[in-house]
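A short worksheet on the structure shown next.
Predicted, not measured: the structure shown is a model, and the values here were computed from it. Atom set for the values below is all heavy atoms of this structure, side chains included, hydrogens, waters and symmetry mates excluded.
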Amino acid sequence: MADERIVETSTEPHTTIIERRGGGGGAGIFIGIVLLVAVVVGAFFLMNQSKNDNLKTNAITSAAKDVGDGAQKVGDAAQKSVE
């Protein structure tokens, strides 16, 4: 915001003094936007990391199930050969 002050004297000639002061509001808004972007980027990476962990867990679970199914088949085949 600009502060303006006008001073007039009662004697001739009239003198007018205008003082203007610039505010630092633009810098605060810029810093706020930068912080907001940093928070959004951080949240994006955290969500992706969680998603990747879930994918790894699902892959390991699926592989363990396949190994278990294979062991069951081997056990069934051994049982049939004994009979």
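- Rounding to the nearest 0.5 Å gives a distance of 11.0 Å between CG of Asn54 and CD of Gln49.
- Residue Gln72 holds its CD atom at 10.5 Å from CD of Gln79, rounded to the nearest 0.5 Å.
- Checking side-chain atoms of Ser62 against main-chain N and O of Asn58 turns up no donor-acceptor pair under 3.5 Å.
- No continuous path of hydrophobic side-chain contacts links Ile31 to Val39 [ILVMFWY only; heavy atoms under 4.5 Å].
- Expressed to the nearest 0.5 Å, how far CG of Asn48 lies from CG of Asp53 amounts to 11.0 Å.
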